[in-house]
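The next block holds one structure in the form of structure tokens; read it before the comments.
Residue numbers begin at 1 in each chain, while the letters A, B, ... track the order of the sequences. Nothing here was measured: the structure is a model prediction, and the numbers come from that model. Just the heavy atoms: all of them, side chains too, but no hydrogens, waters or symmetry mates, feed the values below.
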Amino acid sequence: MKAEEIKAKISKILSDSKIYYGNFSVFPSSKKEFGDFSTNILLKIRHTEKSISSEKLISLIQNDRWMKENFERIEEKNGFLNFFLKNTLIYSVINEILSKGQDYGKSAAGNGKKVLIEFVSANPTGPLTIAHGRQAAFGEALSRILGFCGWQVTKEYYINDCGRQMDLLGISLKSRYLRLRGISAEIPEDGYHGEYLNEIAKKLPDGYEARDTRFFEEFAKQEIMARIKNDLKELGVIFESWFSENELRKSGKVEETIRMLENKGLIYQKDNAIWFRSTLYGDDKDRVIRKKDMTYTYLAPDIAYHQNKIERGYDLLVNLWGPDHAGYVARIKAAVNALGFSPEKLQIIIVQLTTLYRGKEKISMSTRKGQFITLKQLMDEVGPDAAKFFFLFRKADSHLDFDIEIARKKTEENPIYYIQYAYVRAKHILQFAKEKGIKETDIMRADFSLLRESVEIEILKKLKRFPSIVQKAAMNLEVSTIAPYILDLSKTFHSYYQKFRVVNEDLQISCARTAMVKCLLVVIGAALELLGISKPEKM
RNA sequence: GCGCUUGUAGCUCAACAGGAUAGAGCGUUAGCCUCCGGAGCUAAAGGUUGUGGGUUCGACUCCCACCAAGCGCGCCA
């Protein structure tokens with residue numbers, strides 16, 4: 001049952017009775033006492049149609065056959081019309097979950113469309129930061145959700161392996177290498193001073209003193225990429241595709257793309273530089289793509305990269321960017337638009353930064369002072385599950401406060417354990433039921449209408465919402481609704497457990513309740529799977 | 001200076017396209033272990049939704065102004 005169905009039905013009842021109606025909405029009720037669905041039709045129709053009284057309209061709806069079939073009662077309160085679903089309709093969710101198992105909630109909403117999600121894409125100049133961690137967790141979860149909803153997802157990491165930053169990396173590593181051998185060498189002030197470069201330098205044997213910085217750059221890149229891949233793996237994030245900027249440049253794609261724009265008359269020369277007329281596509285000023293010194297700005301290869309993505313035939317491109325790139329959204333969208341790709345098909349999600357705390361104390365990050373907590377260090381301290389859970393609990397575009405102390409705790413303060421505990425508890429009950437002789441077939445054939453306690457109905461209703469929660473997450477490209485949902489479901493379950501025995505003297509009731517617990521296990525498990533959080537066997 | 005984002009309970013956050021008495025969790029306070037795992041449960045207190053106007057049956061939500069915080073405004077990536 002969906003709100004849209006009810007709305008459609010009401011619309012039909014009204015038009016059948018030749019009643020003129022304007023806009024009204026049907027929505028899930030905000031409170032239990034308001035039933036399952038509510039509509040504001042009575043408030044709305046006052047302004048458009050005075051010839052029918054509220055009472056008459058209510059009885060028209062109440063007496064409709066379809067309404068009578070689906071609802072226990074329909075009543076007016078505070079000007080709203082509230083719909084109370086029949087319990088019998090709710091029991092069907094158990095059959096559905098038991099038969100579909102881990103596939104419950106899957107949909108074909110994405111229709112097999114191809115989507116490319118590009119994220120993390122950190123320069124290979126140093127270890128991954130907390131900010132990258134949040135992007136990684138978000139990108140991975142979003143990929144899983146889209147995949148679950150019928151999209152064909154590719155995860156890609158764009159390696160910015162050219163330019164000034166890479167030059168500095170080579171120079172910095174060479175200096176480290178020479179210093180280890182007692183040769184004095186300066187690390188440029190804007191170079192890389194982290195201890196990790198010293199470790200990498202130690203891996204190189206004697207005899208490379210005369211090699212150029214290019215050699216050191218390449219070596220550092222390989223080493224750092226290996227570390228990055230390791231960190232991502234530990235977080236449970238696997239990319240299908242690694243795309244190198246360096247190779248893009250070598251392929252001549254950048255020149256080719258600029259020619260494409262040129263052919264459309266979107267390129268011009270000014271002050272000895274080459275400009276892209278991005279203002280034609282909504283940017284607030286035109287952008288330089290080739291500087292006076294004839295090297296490209298970052299924008300040129302970026303446009304070429306997106307042209308490449310487009311050519312690979314995706315229906316949707318998703319980029320996860322840090323807030324420092326928020327200002328570039330307009331220009332890259334302009335470019336994509338100019339290249340003939342609909343800009344709505346490029347979704348850029350800004351993943352906000354994370355501030356770390358230890359209790360009350362804010363951990364200030366300073367690269368220069370060497371006060372820096374990497375993603376790896378965070379995972380070592382709180383574990384990948386807790387890290388991911390906290391990263392995914394908030395909307396991507398809202399700033400995240402991450403308290404390491406809470407994430408470490410194994411108490412009720414820490415929601416990740418609360419959820420995992422619910423999962424383990426469900427598992428344990430099923431095990432217990434099995435020991436008491438309740439078989440799979442008993443569960444399947446149980447009489448679910450014995451689940452009459454109001455908490456039981458509440459649990460079933462919540463289980464029923466899961467598919468729409470997931471679909472909504474996919475449609476909005478937002479994963480943050482999943483974690484609060486399982487948290488809430490877990491809470492209801494814990495509360496239920498405390499009050500009622502699942503396996504008791506009454507075999508019939510025991511079977512029905514065991515079936516419900518199995519459904520809880522399936523849904524909590526599926527949700528954890530979508531978030532990429534592990535499902536513990538025991539704790 | 002211009003632009004974007006944000007401002008909701010002591011803290012961290014919800015509130016679906018403008019709907020009902022603004023909800024959770026943590027923290028605080030008071031309770032609950034012969035019983036499927038207490039990493040759990042029950043209850044209480046806690047609010048002028050940054051401020052001031054406007055739009056209307058109705059505003060956390062939309063509009064205007066102001067205040068505060070963060071980010072962005074390079075021929076840097």
Go through B:C36, B:A20, B:G19 for me and flag the one nearest to the A:Phe432 side chain. B:C36
B:C26 OP1/OP2 closer than 4.0 Å to side-chain N/O of A:Tyr418: no
With a distance cut-off below 6.0 Å to the six-membered ring centre and an angular limit of 45° from the axis, does A:Lys7 pair with A:Phe24 as a cation-pi contact? yes
Answer with base, sugar-phosphate or nothing: what part of the nucleic acid does A:Asn40 contact at a heavy-atom distance below 4.0 Å? base
Could you state the CG-C1' distance from A:Asn504 to B:C36, rounded to the nearest angstrom? 10 Å
Rounded to whole Å, how long is the line connecting atom CG of A:Leu400 with atom C1' of B:C11? 14 Å
Given that both distances must come in under 3.5 Å, which nucleotide forms a Watson-Crick or G-U wobble pair with B:C35? none
Please give the nucleotide sitting opposite B:C57 as a Watson-Crick or G-U wobble pair, both distances under 3.5 Å, or none. B:G19
Counting heavy atoms from C-beta on, name the nucleotide in B:A20, B:G38, B:A15 closest to the side chain of A:Tyr421. B:G38
Considering only heavy atoms and no angle criterion, is a donor-acceptor pair shorter than 3.5 Å present between the side chain of A:Asp488 and the base of B:A14? no
Only one of A:Ile58, A:Ile61, A:Asn78 forms a side chain to side chain contact (heavy atoms under 4.5 Å, CB included) with A:Leu42, so which one is it? A:Ile58
In whole angstrom, what separates A:Tyr417's OH from B:A39's P? 13 Å
Compare the minimum distances between each of B:A24, B:C36, B:G40 and the side chain of A:Lys491, then state the nucleotide with the smallest one. B:A24
Are A:Phe402 and A:Phe390 close enough that their ring centers fall under 6.0 Å? yes
Expressed in angstrom and rounded to an integer, what is the separation of A:Ile429 atom CD1 from B:C35 atom C1'? 13 Å
Looking only at B:C16, B:G23, B:C76, the nucleotide nearest the A:Lys31 side chain is B:G23
Distance criterion of 3.5 Å, no angle test: do you see the side chain of A:Ser30 paired donor-to-acceptor with the base of B:A15? no
Using 30° and 60° as the class limits, which term best fits the ring planes of A:Phe27 and A:Phe80: parallel, tilted or perpendicular? perpendicular
Check the distance between B:C73's C1' and A:Asp286's CG and give it to me in whole angstrom. 16 Å
Any cation-pi pair here, A:Arg287 with A:Phe276, using under 6.0 Å and within 45°? no
Quick check, does A:Tyr497 stack with B:G40? I mean ring centres under 5.5 Å and planes off by under 30°. no
Give a yes/no verdict on a cation-pi contact between A:Arg134 and A:Phe391, requiring under 6.0 Å between NZ or CZ and the six-membered ring centre and an angle within 45° of the axis. no
Parallel, tilted or perpendicular for A:His306 and A:Trp321, by the 30°/60° rule? perpendicular
Could you give the distance separating B:C66 and B:C26 at their C1' atoms, to the nearest angstrom? 34 Å
In Watson-Crick or G-U wobble terms, with both distances under 3.5 Å, the base opposite B:G70 is B:C4
When you check the phosphate oxygens OP1 and OP2 of B:U42, does a side-chain N or O of A:Ser495 lie under 4.0 Å from one of them? yes
Tell me whether the OP1 or OP2 atom of B:U42 has a side-chain N or O from A:Tyr496 closer than 4.0 Å. no
Looking only at B:U21, B:G38, B:C35, the nucleotide nearest the A:Glu33 side chain is B:U21
When the distance from OH of A:Tyr485 to P of B:A14 is rounded to whole Å, what number comes out? 20 Å
Within 90° of 0 counts as syn, otherwise anti: where does B:C33 fall? syn
A:Ile404 CD1 to B:C26 P: how many Å, rounded? 21 Å
Using atom C1' of each nucleotide, how far apart are B:U49 and B:A15 to the nearest Å? 11 Å
Could you state the atom-to-atom distance from NE2 of A:His494 to P of B:C36 in whole Å? 16 Å
Using a 4.0 Å heavy-atom cut-off across all strands, classify A:Phe500 as base, sugar-phosphate, or nothing. base
Against the side chain of A:Asp271, the closest entry in B:C13, B:C73, B:C75 is B:C75
Picking from B:C75, B:U12, B:G19, the nucleotide nearest the side-chain atoms of A:Leu43 would be B:G19
Any strand counts, and the cut-off is 3.5 Å on both contacts for Watson-Crick or G-U wobble. Which nucleotide pairs with B:U48? none
Indicate, yes or no, whether a donor-acceptor pair under 3.5 Å links the base of B:G19 to the side chain of A:Lys44. yes
By nearest atom, which of the nucleotides B:A17, B:A20, B:C75 is closest to the A:Ala273 side chain? B:C75
Looking at A:Arg287, does any N or O in its side chain come under 4.0 Å of the phosphate oxygens OP1/OP2 on B:G74? no
